[in-house]
Amino acid sequence: MGVVAVLVVIALCVLLVMKLRKKKRTRRPAPAADPPVPRFRVVTVGLQGSGKTLLLTGIYRRLQAPADRGFFLKVPYTQLIELNRWYRAVASSEDDWPSGTSRGEMREFDFSVMTNVGGTPTTVLDIGYLEYPGELLTDPDAPGSTLQQQLLGAVANADALIALIDGMQLLQAHRGDRRGLSILQTTLDAMVHCMLTARAPIVFVITKWDLLDQLHADENTRLKIVRNLLMGVDGFRDLVNAHSERRIVRLVPVTAVGHDFAVLDGSVIRKKPDGRFQPANVELALSAVVPDILHQVELSLDAHTRQVIMAEAQRRTKMGPAEALRTLSVFVAERAGRILAGAVGGGLITHAGLTLLLETRTPPGPEHAQRLAALSEADRRAEEFILARRRVVASLQHQVAMLETRLPASRLRGD
Amino acid sequence: MDAQGWPFLVARGRRRGYSVLLAPPPLMSSYGLLEDVARPTSGIAVATVRGLCVVWSEHAVTPDDIGAEPRDEHSRPLRLLHGFVTEQTVTAPSEVDMSRSLTAALDTYRRFLDDEERFTVERSASFPAHSDIGSPAAIGKPDPRPRRYTVPALAAGAVLVGAVIFATSGNDPEPPKTPSCPTTTAPTTHTPVKPTTTTGKPATTSLQPSCT
């Protein structure tokens with residue numbers, strides 16, 4: 001029996017050791033000190049058939065490679081497969097148009113905005129892009145379904161709203177077609193309801209812009225015609241006025257297929273057998289709102305980025321709070337000239353530094369230089385992230401500026 | 001046990017968006033669940049909703065189905081998400097059942113297209129299901145997640161089993177060890193061989209019989 005007892009004790013010891021090893025594993029510090037990636041949610045507001053799915057596909061296809069922008073988008077592989085499937089269906093002259101999104105297909109696509117940080121492609125921003133069937137905005141929810149509530153919640157909490165106006169309905173309205181006018185009015189009503197009180201940046205996007213080519217040969221004149229039509233609608237004008245008090249409101253014409261791919265045959269849009277697939281302006285839907293989002297949160301974002309990285313640096317150098325303060329204060333004092341000059345904005349060091357400078361009475365410890373180096377590295381990394389994000393924003397703003405140069409009518413109102 | 005199936009249909013019209021057009025009586029008060037669960041699929045899909053088994057597939061509407069070009073006012077092709085609901089679990093959906101549900105769905109769909117604005121959800125009539133029926137718990141049950149303490153528990157169990165075997169074996173002398181069978185295909189001999197260690201030196205154990 002004594003042997004049995006010994007073996008039972010051994011078994012218990014095995015359990016204990018495994019548990020301790022597991023705990024030890026979970027306590028192991030993270031190898032890197034990259035800041036958390038901020039996530040913003042973008043929701044399109046568009047009725048059924050307005051082109052939400054094609055716009056989503058077009059945005060990704062356009063921005064999946066850096067080109068001369070300095071950033072690109074990445075999606076999870078399962079979503080990539082789906083986007084590519086849609087793209088093939090749209091781009092192929094032999095295939096029919098996609099069937100449209102069903103209620104069961106409502107979901108968020110995850111765009112990671114990647115750019116070069118310290119020589120490595122790194123995610124500096126995450127964008128959630130909600131895909132849903134447009135009828136959720138107009139039709140009552142069936143008993144038992146919760147999708148409409150989910151959508152309205154997403155719209156209310158969105159960081160940016162992209163309002164889609166169907167070019168086909170604009171064309172019909174321009175021609176005086178009653179059905180077109182009716183749908184256009186419903187579209188604008190839905191936008192007023194969802195967006196009038198929203199504080200998030202908004203942009204109006206005219207989809208199927210290629211169908212409006214027949215309005216006028218000059219693109220800016222075409223856009224003026226459409227703008228005048230829209231601004232003649234009370235609700236829309238009020239919506240633009242309300243938002244332009246805070247920021248510039250834009251009207252961006254996009255075509256997800258190009259100007260030589262589809263043709264209006266009576267009331268049916270058909271693909272040309274030999275059409276050229278060349279989407280235009282699709283990425284501007286994002287470009288017009290993302291800089292606004294980032295601008296709003298830039299200072300707090302930068303401070304947060306610094307806080308996280310510095311906290312990680314302190315943890316990694318195993319300082320106590322008092323020691324961390326001492327080291328930080330020296331660090332700040334050494335760099336105060338540059339930091340306080342505002343070269344990188346109001347980050348942690350600037351903010352905390354003024355306080356910390358008062359705490360520098362105690363002489364540094366033996367590992368002072370090593371710790372100082374760790375903090376310096378962390379600060380450099382923080383700066384890289386902040387500057388990388390700013391490069392992305394600058395690139396997006398550049399695209400919008402180019403649009404405005406080419407199409408001055410795209411600015412609805414605002415300074 | 002004879003299973004009953006109730007057809008259902010989720011579809012969009014030329015003007016109206018996706019909605020349930022044909023609903024099983026057990027779901028008349030919550031048929032919106034079907035809209036949430038029925039997604040486009042390349043084959044036949046099965047899911048459970050509130051204890052009911054939902055089986056569906058996608059059907060691209062043809063001109064023959066409706067006597068007109070099957071497009072909505074946005075030029076998109078029309079499609080149906082149709083199928084049936086049972087109170088039992090379907091392990092192998094029958095083509096007969098799917099065909100029957102499609103027939104019922106198309107009847108409803110044609111009536112819907114005639115007057116989309118005033119159409120209201122229809123209640124489906126049951127039919128005897130031909131699909132294979134299984135255990136209700138078999139569908140939609142996620143795979144058990146690996147347990148966190150599986151390895152230590154197994155190790156401890158093995159030690160305990162060893163302890164019990166050891167304890168019940170009393171103080172009998174240790175039986176002679178037998179080598180494992182060689183994997184070689186070379187013919188074996190009955191000549192006793194002297195085992196060696198990996199270093200080639202003679203082992204300290206006694207001579208062992210060879211495998212036969």
Side-chain angles (χ1 to χ4, degrees), chain A residues 1-8 10-19 21-22 47-51 95-107 133-148 150 166 168-169 179-180 183 208 262 264-265 267-271, chain B residues 10-20 23 27-41 45 47 49-50 56 58 60-61 69-81 121 148-168:
Chain A
M1 283 306 289
V3 176
V4 175
V6 167
L7 287 171
V8 169
I10 291 172
L12 291 173
C13 286
V14 168
L15 278 172
L16 190 64
V17 167
M18 296 290 281
K19 197 166 182 177
R21 284 184 63 188
K22 188 176 177 62
L47 269 52
Q48 56 166 315
S50 59
D95 292 338
D96 209 336
W97 300 109
S99 295
T101 307
S102 71
R103 292 188 179 223
E105 291 177 292
M106 175 170 157
R107 67 238 184 261
E135 51 264 34
L136 283 177
L137 285 174
T138 53
D139 298 352
D141 236 355
S145 175
T146 59
L147 293 179
Q148 192 169 55
Q150 287 177 41
D166 190 334
M168 176 76 171
Q169 264 75 65
R179 176 68 184 162
I183 299 179
K208 306 175 192 173
L264 194 57
D265 176 15
S267 60
V268 179
I269 306 167
R270 299 189 193 280
K271 294 180 180 178
Chain B
V10 179
R12 71 175 5 142
R14 292 199 177 88
R15 295 184 172 191
R16 264 180 57 174
Y18 273 102
S19 61
V20 173
L27 284 175
M28 281 309 284
S29 61
S30 56
Y31 58 78
L33 294 169
L34 292 171
E35 293 176 359
D36 295 2
V37 75
R39 301 181 55 168
T41 174
V49 175
R50 291 201 180 165
W56 78 93
E58 184 181 330
V61 180
E69 187 172 12
R71 289 185 185 282
D72 69 5
E73 63 180 344
H74 308 287
S75 307
R76 299 176 296 187
L78 298 171
R79 67 179 170 191
L80 311 180
L81 300 174
V121 180
R148 297 167 68 184
Y149 297 106
T150 303
V151 173
L154 284 174
V159 171
L160 281 173
V161 168
V164 170
I165 292 170
F166 182 82
T168 52

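Bear in mind that the values here come from a model prediction, so they are computed numbers and not experimental data. Just so we're on the same page: letters track the sequence lines, and every chain starts at 1.
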Side chain, backbone, both or neither: which part of [X] has a heavy atom under 4.5 Å from chain B?
X: Leu47(A); value: neither
X: Ser99(A); value: both
X: Thr138(A); value: neither
X: Asp265(A); value: neither

Give a yes or no on whether a salt bridge exists between [X] and [Y], defined as a side-chain N under 4.0 angstrom from a carboxylate O.
X: Asp95(A); Y: Lys271(A); value: no
X: Glu58(B); Y: Arg39(B); value: no
X: Asp166(A); Y: Lys208(A); value: yes

> Non-hydrogen atoms of chain A under 4.5 Å away: do they reach the side chain of Arg12(B), the backbone, both or neither?
Replying inline: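 Looking at Arg12(B), just its side chain touches chain A.
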Under 3.5 Å, side chain of [X] to main-chain N/O of [Y], donor-acceptor pair present?
X: Gln169(A); Y: Gly180(A); result: no
X: Arg76(B); Y: Pro98(A); result: no
X: Trp97(A); Y: Ile269(A); result: yes

> Of all of Gly144(A), Pro143(A), Gly104(A), Ala142(A), which one pairs up most often with chain B through heavy atoms under 4.5 Å apart?
Replying inline: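 Option with the top pair count is Pro143(A).
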> Looking at Met106(A), Arg179(A), Glu105(A), which has the largest count of heavy-atom pairs under 4.5 Å with chain B?
Replying inline: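 Heavy-atom pair counts peak at Arg179(A).
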> For the candidates Ala60(B), Ser30(B), Pro40(B), Pro77(B), which exhibits the highest count of non-hydrogen atom pairs separated by less than 4.5 Å from chain A?
Replying inline: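 Of Ala60(B), Ser30(B), Pro40(B), Pro77(B), Pro77(B) has the most heavy-atom pairs under 4.5 Å with chain A.
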> Taking Leu33(B), Asp36(B), Leu27(B) one by one, which has the highest count of heavy-atom pairs under 4.5 Å against chain A?
Replying inline: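 Ranked by contacts with chain A, first place is Asp36(B).
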>> Please determine whether salt bridge (Lys or Arg N to Asp or Glu O under 4.0 Å) holds for the pair Arg79(B) and Asp96(A), giving the CA-CA distance in whole Å, both sets of side-chain angles, and the decisive distance to 0.1 Å.
In response: CA-CA 12 Å; Arg79(B) 67 179 170 191; Asp96(A) 209 336; over 6 Å; no
